[in-house]
Asks: 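Take this structure, written in structure tokens, and hold onto it; I'll ask about it next.
A note on names: the letters A, B, ... follow the listed sequences, proteins ahead of strands, and every chain is numbered from 1. Owing to the predicted nature of the structure, the values given are computational and were not obtained by experimental measurement.
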2 protein chains.
Amino acid sequence: MAKIKRNRNGTRKDVIIAKAAKLFREKGFSATSMRDLAEHVGVEAASLYNHISSKAEILQEICFKIANNFMSHIEEVDATPNKSAIEKIQAILRFHIKQMLDNYEEVYVSDREWKHLTDPYLSNIQSQRRTYRQRFASVIEDGIRKGEIKPIDAPTAVLIMLHAVSGIESWHRSKKKIAGEVLEDNMVQILVDGLRKQA
Amino acid sequence: MAKIKRNRNGTRKDVIIAKAAKLFREKGFSATSMRDLAEHVGVEAASLYNHISSKAEILQEICFKIANNFMSHIEEVDATPNKSAIEKIQAILRFHIKQMLDNYEEVYVSDREWKHLTDPYLSNIQSQRRTYRQRFASVIEDGIRKGEIKPIDAPTAVLIMLHAVSGIESWHRSKKKIAGEVLEDNMVQILVDGLRKQA
DNA sequence: ATAAAATGCTAACAATTGTTAGCGTGTTTT
DNA sequence: AAAACACGCTAACAATTGTTAGCATTTTAT
């Protein structure tokens, strides 16, 4: 009987979810079995159910935690006065990149594996993602109207930004990594300059 | 006994692979069962094995077909004389976008599901992807050296380009789509302007 | 027309899946 | 000390998985 070791301030459930996020990222939600997960946690599969109610619940927790995280950040940025559109975009972009660097496993999983949620969670997350993209797009459209940003299709720009960021996955997997801050600056520079209206 | 209907010039195996690509995209490789696939093909699961040898083989065929496709294109572009770095990047980018528009299912699957290959195919595809990215990066580095492109980290730029393109998935899923050509032009413009050295 | 090949079917297999029941032990609360 | 709880275990379940064997039927080649 080897108990699950908690980190300070964390429940055993948290430990399970963290390990699950790692496995879901590596092999995908469907290809990860509960016995797989149990082994990495250091316990028998059945014991997991003392802490979680189902495999699906794990994915739900991951997805909604991350979604809320991003949603509240964009609302915060949006509400900040005296910020140009470009500055707002930079803030959003940097937040995405930082999250992808610090909270890699869960952010990645929530981005790639949400399709395996089932209703009502599926519909819920889909609608959250939609409104997030729309908020992002309207920041861009605002910038176009003000002449800060060149006249492009805003949803396309959003799509580029969000997916570019998720490419940080291959940075994580690469052997010779540049520093995280350098990566961040490079990404922001390339992407923002792509939007900026040139004089 | 309902036979698999072939399209002209296509084998029954091709039909199976095409349907599989669609399902693999929608639900992922692991979450797609052979009985699932069989149903969409209009046949019993066991009958599929008259045309393919395993589920794994289907994924292999998809991944390597697409990988070869991209590999031979970049070689072609690379070998073209009298082309600036920017022009080469545009060519590569437009090819990716066109592939993602015309050959959506298979391109997307090969990009997202290659992790489920097993050795030796896994190692093979990993190395192909690596060399592809390196080739792409060296086009960019060439452009930096010639002063066409601003001094940025080339691997980061590659990562942005490739992942941005894969975002076309959400364009496919969206209700109100702009035209494919408009999407292409927008993407190329944003991404290339992000690289270009401003005067 | 006959033989050979292609292609479908049903039935079954061993393995793996997520999950539950029931029990024991250790820990906390009363 | 007793009662309640938390948390681990083994064993088992029904469902689903990829795949094979064996046979029937249709299509193609001789």
Asks: To the nearest angstrom, how far is A:Lys27 atom NZ from C:dT17 atom C1'?
Replies: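 Rounded to the whole Å, the gap is 13 Å.
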Asks: One character per nucleotide, please: for nucleotides 10-16 of chain D, 5' to 3', B when the base has a protein heavy atom closer than 4.0 Å, S when only the sugar-phosphate does, - otherwise.
Replies: BBB----
Asks: Across the strands shown, which category fits B:Ser30 at heavy-atom distances under 4.0 angstrom: base, sugar-phosphate, nothing?
Replies: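 No contact.
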Asks: Using atom NE2 of A:His116 as one end and atom P of C:dT17 as the other, report the distance to the nearest whole Å.
Replies: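 Going from A:His116 (NE2) to C:dT17 (P), I get 15 Å.
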Asks: Would you indicate what B:Thr32 reaches in the nucleic acid, counting non-hydrogen atoms under 4.0 angstrom: base, sugar-phosphate, or nothing?
Replies: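 Touches sugar-phosphate only.
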Asks: Check the distance between D:dT20's P and B:Leu48's CG and give it to me in whole angstrom.
Replies: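 Taking CG of B:Leu48 and P of D:dT20, I get 13 Å after rounding.
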Asks: Expressed as a whole number of angstroms, how long is the span from B:Asp14:CG to C:dT7:P?
Replies: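 Interatomic distance, CG of B:Asp14 to P of C:dT7: 12 Å.
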Asks: Would you say the side chains of B:Asp36 and B:Thr32 form a donor-acceptor pair under 3.5 Å?
Replies: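 Side-chain D/A pair, B:Asp36 to B:Thr32: absent.
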Asks: When the ring planes of A:Phe136 and A:Tyr132 are compared, do they come out parallel, tilted or perpendicular, using 30° and 60° as the limits?
Replies: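 Perpendicular, since the angle between the ring planes exceeds 60°.
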Asks: Tell me: CZ of A:Arg12 to P of D:dC7, nearest whole Å?
Replies: 5 Å
Asks: With the threshold set at 4.0 Å, does a side-chain nitrogen-carboxylate oxygen contact exist between B:Arg94 and B:Asp185?
Replies: yes
Asks: Indicate the ring-plane relationship of B:His172 and B:Tyr104, choosing parallel, tilted or perpendicular according to the 30° and 60° boundaries.
Replies: parallel
Asks: Starting from P on D:dG18, measure out to OH on B:Tyr49 and report it in whole angstrom.
Replies: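 Taking OH of B:Tyr49 and P of D:dG18, I get 7 Å after rounding.
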Asks: Say whether, by atom type as modelled, one donor and one acceptor occur between the side chain of A:Glu57 and the main chain of A:Ile52 under 3.5 angstrom.
Replies: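 Answer holds: no.
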Asks: Counting only heavy atoms and a strict 4.0 angstrom limit, can you tell me which residues of residues 50-58 of chain A come near DNA chain C?
Replies: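 Going residue by residue through residues 50-58 of chain A, the ones with a heavy atom under 4.0 Å of DNA chain C turn out to be A:Ser54, A:Lys55.
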Asks: Output yes when a side-chain donor or acceptor of B:Asp111 lies under 3.5 Å from a complementary backbone atom of B:Val107, and no otherwise.
Replies: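 Side chain of B:Asp111 to backbone of B:Val107: no pair is present.
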Asks: A:Glu39 has an atom CD; how far is it from atom P of D:dC9, in whole Å?
Replies: 12 Å
Asks: For B:Lys27 and B:Ser33, indicate whether the former's side chain and the latter's backbone hold a donor-acceptor pair under 3.5 Å.
Replies: no
Asks: Parallel under 30°, tilted from 30 to 60°, perpendicular over 60°: which one fits the rings of B:His73 and B:Phe95?
Replies: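 B:His73 vs B:Phe95 ring planes: parallel.
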Asks: If you measure from the Lys or Arg side-chain nitrogens to the Asp or Glu carboxylate oxygens, is any gap between B:Glu39 and B:Arg35 under 4.0 Å?
Replies: no
Asks: Would you mind reading off the distance between B:Met34 atom CE and C:dT10 atom P, rounded to a whole angstrom?
Replies: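 Distance, rounded to whole Å: 17 Å.
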